[in-house]
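The block underneath contains the structure these notes are about, expressed in C-alpha cells.
Given the structure is predicted, the values throughout are model-derived calculations rather than measurements.
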Number of protein chains: 4
Amino acid sequence: MSGGTAVRGEGRERILAAATDLFARQGYEATGTRQIAEAAQVTKGALYHWFDSKQHLLICIYRDLLAEQTGRLASIAAGDAPVGRRLHDAVFDLVEHVAEHFEPLTVWARSTHLLDGEPAEAIRADRRRYHQMFRGLLAEGQEAGAVRRDVSASVMAHGFLGTVNNVHTWFGADGPLTHRQVGRQLAVLFLDGLRPPKR
Amino acid sequence: MSGGTAVRGEGRERILAAATDLFARQGYEATGTRQIAEAAQVTKGALYHWFDSKQHLLICIYRDLLAEQTGRLASIAAGDAPVGRRLHDAVFDLVEHVAEHFEPLTVWARSTHLLDGEPAEAIRADRRRYHQMFRGLLAEGQEAGAVRRDVSASVMAHGFLGTVNNVHTWFGADGPLTHRQVGRQLAVLFLDGLRPPKR
Amino acid sequence: MSGGTAVRGEGRERILAAATDLFARQGYEATGTRQIAEAAQVTKGALYHWFDSKQHLLICIYRDLLAEQTGRLASIAAGDAPVGRRLHDAVFDLVEHVAEHFEPLTVWARSTHLLDGEPAEAIRADRRRYHQMFRGLLAEGQEAGAVRRDVSASVMAHGFLGTVNNVHTWFGADGPLTHRQVGRQLAVLFLDGLRPPKR
Amino acid sequence: MSGGTAVRGEGRERILAAATDLFARQGYEATGTRQIAEAAQVTKGALYHWFDSKQHLLICIYRDLLAEQTGRLASIAAGDAPVGRRLHDAVFDLVEHVAEHFEPLTVWARSTHLLDGEPAEAIRADRRRYHQMFRGLLAEGQEAGAVRRDVSASVMAHGFLGTVNNVHTWFGADGPLTHRQVGRQLAVLFLDGLRPPKR
DNA sequence: AATGAATGAGATTTCATTCAT
DNA sequence: TATGAATGAAATCTCATTCAT
C-alpha cells in the first residue's frame with residue numbers, strides 16, 4: 001500500500017506486538033525492556049522514543065481494547081429490545097470479544113495491580129465506568145423483574161466480569177473446547193443463574 | 001541475657017506472618033527480602049536459614065491453605081447425603097474458607113504465574129487435584145440428574161473456582177457487603193445456574 | 001562540560017586493564033566487581049554494559065593472548081626450516097611470549113578451573129588446539145629422528161607447556177633471575193631432554 | 001575390630017575424606033562448608049568442632065602428605081649411593097608418590113594461593129624446605145659433574161617440581177597412559193635434560 | 001562430642017531509565 | 001527518528017563462622 005517509504009509507526013507497532021506477546025507468555029514483571037526491544041528488532045532507545053515507560057506500554061495495550069468493549073456495550077445497552085434480551089446480547093458479545101483478544105486481556109488482568117501513577121488511574125476509571133454500565137443493565141433487569149433481586153447487581157456484575165477476565169488462568173488446561181465454546185457455556189451458566197428463584 | 005533474643009523457634013513463624021502481610025499489601029514482587037526480614041525482626045541470613053528462596057516463602061504460605069481446602073472438600077464429597085446436597089455444602093464451605101483466608105489467597109492468585117521450578121510445579125499439581133475433585137462432584141451431579149448436562153463439568157468447575165479465587169480483584173470496590181455475604185451471593189448465583197434447564 | 005566525562009570508548013579498555021591488574025595481584029575470587037569498577041573509574045552498571053559477567057571478563061583477558069600465541073606458533077610450525085630448528089624456535093618464542101605477558105597468564109592459570117558455561121568451554125577448546133599444534137611439531141620431530149621416541153609426544157608437550165604455564169607459582173621465590181633468563185634455562189633444559197638417547 | 005562403640009575420630013576422618021573429594025572435583029572456592037558437612041553426613045557444627053576453619057581443612061589435607069614426601073626424600077638423599085643414582089631414585093620416588101596421592105595434591109596445587117594466616121605460612125615454610133632439599137641434591141650433582149652447570153639448580157628444581165605438581169591440569173586429557181606411566185616418562189625426560197651438554 | 005539456629009557483611013547481577021548526539 | 005553508552009539503586013542470595021545448649 002504505502003510502497004517503498006517506511007510506514008509511519010512501523011516501529012511502534014512492532015514494539016506493541018512484541019510486548020503483548022512477551023507479557024502474555026512470561027508475565028509483565030518477568031519481561032525486560034531489553035527483551036522487548038530485541039524481539040521488536042529495535043533499540044532500547046527507540047522503545048523509549050515511542051513510549052514513556054514500561055507501564056505506558058501495558059496501558060497502551062489495554063486502552064484500545066477497553067474502548068472497543070465499552071462502545072459495544074453502550075450500543076447494546078441503548079437498544080430498543082427488552083432488557084432481558086439486551087442483557088443476553090451483552091453477555092454473548094462480551095465473551096465473543098474476550099475470545100478474540102485473549103492474549104492482551106490476559107496481560108492486563110495479571111498485571112494491572114502493579115501499575116500506579118496518573119495514566120494508570122485514568123484507565124482504571126474507564127474500566128470502572130464499563131463495570132457500571134454492565135451493572136446498570138442488571139439493575140434495569142431487576143426493576144423489570146427479569147433478574148433476581150436477592151443478589152446484588154454489583155456482585156452479579158463483578159462475578160461474571162471477573163470470571164470472564166480470568167479465563168486465562170485455566171483455559172486450555174483440559175478439554176478440547178475452543179475459546180468461543182467455553183465462552184458460550186459460561187454465558188448460559190451465568191444467564192440461567194440470574195433468573196428469579198421459583199418462589 | 002534477657003530481652004534481647006527472641007523466643008526460640010518463633011523466627012520461622014514471624015517470617016511467614018510478615019511475608020503474608022507484606023505480599024498481600026504490596027504484592028509479591030514489590031516486596032523485598034530485606035523488608036520481610038525487617039518486619040519479622042530477623043536478619044536476612046535467618047530468613048534464608050528457614051526458607052530456600054523468596055518463591056519458597058510464597059509456596060509455604062499457600063501450601064497449608066490448599067491442604068486444608070482439599071481436606072474439607074474430600075470429607076464433604078465422601079459424605080452420605082445426596083449429591084445435590086453435597087454440592088451445595090461444598091460450595092458454601094469453599095466461600096467460607098476463602099472469606100476466612102482472604103489475604104494469603106489473594107497473594108497466591110496474583111503471583112502464582114511468577115513461580116517456576118519443581119516445588120512450584122508440585123503445588124500446582126496439588127491444586128489441579130483439588131479442581132478434579134470439585135469437577136468430579138459436578139459430574140456425579142450430572143449423572144444423577146441434579147446438574148445440567150448442556151455445560152461441561154470442567155467449565156462449571158473452572159468458572160466457579162475462578163470466580164471465587166478472583167474476588168480479590170474487586171472486593172471492597174463498592175458496596176458495604178462483607179466477605180461472607182459476597183461469598184454467599186456468589187454461591188446461590190452459581191448453584192441456581194447449575195440447575196437443569198426447564199425443557 | 002569539560003573534564004568530568006571520560007573519553008568516549010575508553011571505558012571498556014579501562015575496565016579490562018583494571019581487572020587484569022587486580023586479578024593478578026589479589027586473585028580472581030578475591031576481587032569484587034565493585035572493586036574493578038572503582039579502579040576503572042566506572043560504575044558497576046557500565047561494567048555490565050560491556051561484559052556479561054565476571055567470568056566473561058576473565059575470558060576476554062585470556063582470549064587475545066591465546067590468539068596471539070597460537071598465531072605465532074602456527075607461523076613458526078609452517079616454516080621451511082628443519083623440524084629441529086622449528087621446534088627450537090617455537091620453544092624460545094613461547095618462553096618469550098610468556099615472559100612478556102606474565103601477569104594475565106598467571107591469572108588465567110590460577111582461575112581457569114572456576115569457569116564454566118559455553119564461552120569457557122570454547123576457549124578451552126582453543127587452548128586444546130594450541131596444544132595439538134605443539135604436539136604435532138614434536139611428533140614431526142619424532143618421525144624425522146630429531147626427537148626421542150621412547151616418550152610420548154603428548155607427555156612431552158604437556159610437560160613443557162605445563163611447566164611454562166606454572167612458572168608463576170614459584171618465580172621470584174628465590175634468585176635474581178629475570179623472567180627471560182628463567183624462560184631460556186627452562187627451554188634448554190627441555191630441548192636437551194628431547195634428544196634421542198645415546199643407544 | 002572396635003565392635004559396637006563409635007570409633008574415635010570417625011567423624012573427623014569422614015569430613016577429611018569428603019573435603020578432599022569435593023575440593024578435587026569442584027575446587028576449594030566452589031565448595032561450601034555446608035556441602036562438605038552434608039557429604040560427610042555430619043552437621044556444620046560438628047565440622048567446626050573438629051576443624052578451626054575451611055582453610056584448616058585444606059592444610060590438614062596437605063600436611064601429612066608433605067611430611068611423608070619429605071621423609072622419603074630425606075632418606076634417599078642421605079644414602080650412600082653416588083649422587084647421580086640418588087637423584088634418579090628421588091625423581092622416581094616422587095612421581096610414584098604423586099601418582100598415589102593424585103587428588104589431594106591437585107587440591108593443594110590449585111588453592112594454596114588462597115590461604116593466609118600463620119598455619120598456612122608454616123606449611124609453606126615446610127614446603128620450601130622440601131624444595132631446598134631437592135635443590136641441594138641437584139647442586140651436589142653439579143659439583144660432582146653429574147648435572148649440568150649452565151642451568152641454575154633452583155630453576156631445575158622448580159621446573160621439575162612444578163611440572164609434577166601440575167600434572168592434574170592435563171592428566172587424562174588424552175592418551176591411555178596410567179598415572180605411573182606418565183610419571184616415569186616425565187622422569188626420564190627430566191633426567192636426560194639434566195645431563196651436562198656435550199661440549 | 002555435637003547441635004542447629006542465627007549472623008552480617010558482601011557477592012554478583014538486573015533493570016528501567018536518561019541523555020548527548 | 002533513533003542510537004547506545006552509562007547510570008545507580010536495589011534485588012536475591014551465599015557463606016564462613018559463632019555460640020548457647
Side-chain angles (χ1 to χ4, degrees), chain A residues 6 8-12 15 29-37 42-57, chain B residues 1 4-12 15 29-37 40-57, chain C residues 1 5-12 15 29-37 40-57, chain D residues 6 8-12 15 28-37 42-57:
Chain A
R8 186 176 120 81
E10 200 179 59
R12 192 174 195 280
I15 294 168
E29 316 92 305
T31 303
T33 52
R34 160 150 67 175
Q35 203 182 357
I36 297 171
V42 159
T43 63
K44 250 197 312 190
L47 195 158
Y48 276 87
H49 174 69
W50 289 110
F51 299 93
D52 296 341
S53 67
K54 198 178 151 191
Q55 289 201 9
H56 188 205
L57 221 32
Chain B
M1 286 294 163
T5 61
V7 179
R8 202 161 107 82
E10 270 192 353
R12 191 173 195 279
I15 294 168
E29 317 96 295
T31 303
T33 52
R34 153 139 85 168
Q35 203 181 358
I36 297 170
Q41 287 176 288
V42 160
T43 61
K44 253 190 312 188
L47 194 158
Y48 279 90
H49 173 67
W50 290 109
F51 300 94
D52 295 339
S53 65
K54 201 179 144 189
Q55 288 202 9
H56 187 207
L57 217 32
Chain C
M1 287 294 165
T5 62
V7 179
R8 202 162 106 81
E10 270 191 352
R12 191 174 194 279
I15 294 168
E29 317 95 296
T31 304
T33 52
R34 153 138 86 167
Q35 205 180 356
I36 297 170
Q41 288 177 286
V42 161
T43 61
K44 255 190 308 191
L47 194 159
Y48 278 88
H49 174 66
W50 289 111
F51 300 94
D52 294 341
S53 65
K54 201 178 146 190
Q55 289 203 7
H56 187 208
L57 218 30
Chain D
R8 187 177 118 81
E10 198 179 61
R12 193 176 193 278
I15 293 167
Y28 173 80
E29 316 93 305
T31 303
T33 52
R34 156 144 76 170
Q35 203 182 356
I36 297 170
V42 158
T43 63
K44 252 197 309 193
L47 194 157
Y48 276 87
H49 174 69
W50 289 109
F51 298 94
D52 296 340
S53 66
K54 198 178 150 190
Q55 289 201 8
H56 187 207
L57 222 30

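The shortest side-chain heavy-atom distance between C/L47 and C/L57 falls under the 4.5 Å cut-off.
Nucleotide F/dT12 holds its C1' atom 14 Å from the CD atom of B/Q35, rounded to whole Å. The interatomic distance linking B/W50 (CH2) with F/dC13 (C1') rounds to 18 Å, in whole Å. A/I15 places its CD1 atom 12 Å from the P atom of F/dT1, with the value rounded to the nearest Å. For B/H56 and F/dC13, the NE2 to P distance is 12 Å, given to the nearest whole Å. D/E10 has its CD atom 9 Å from the P atom of E/dA2, to the nearest Å.
With sequence neighbours excluded, no residue forms a side chain to side chain donor-acceptor pair (under 3.5 Å) with A/T33. The side chain to side chain donor-acceptor pair (under 3.5 Å) search around D/E29 returns none, not counting sequence neighbours. Listed by chain and number, the residues in a side chain to side chain contact (heavy atoms under 4.5 Å, CB included) with D/H49 amount to none (sequence neighbours excluded). For the side chain to side chain contact (heavy atoms under 4.5 Å, CB included) test, residues two or more places apart in sequence or in another chain that qualify with A/T43 are A/A46.
Atom-to-atom distance recorded for B/Y48:OH and B/H56:NE2 is 12.0 Å, nearest 0.5 angstrom. Rounded to the nearest 0.5 Å, atoms OG1 (B/T31) and NZ (B/K54) are 6.5 Å apart. Separating the CD1 atom in A/I15 from the CH2 atom in A/W50 is a distance of 8.0 Å, to the nearest 0.5 Å.
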query: In B/S/- notation, 5' to 3', how is nucleotides 7-15 of chain E contacted by protein heavy atoms closer than 4.0 Å?
result: BB-B-BBB-
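In secondary-structure terms, DNA chain E builds stems of at least 3 consecutive Watson-Crick or G-U pairs, each pair having both distances under 3.5 Å, at E:2-21 with F:2-21.
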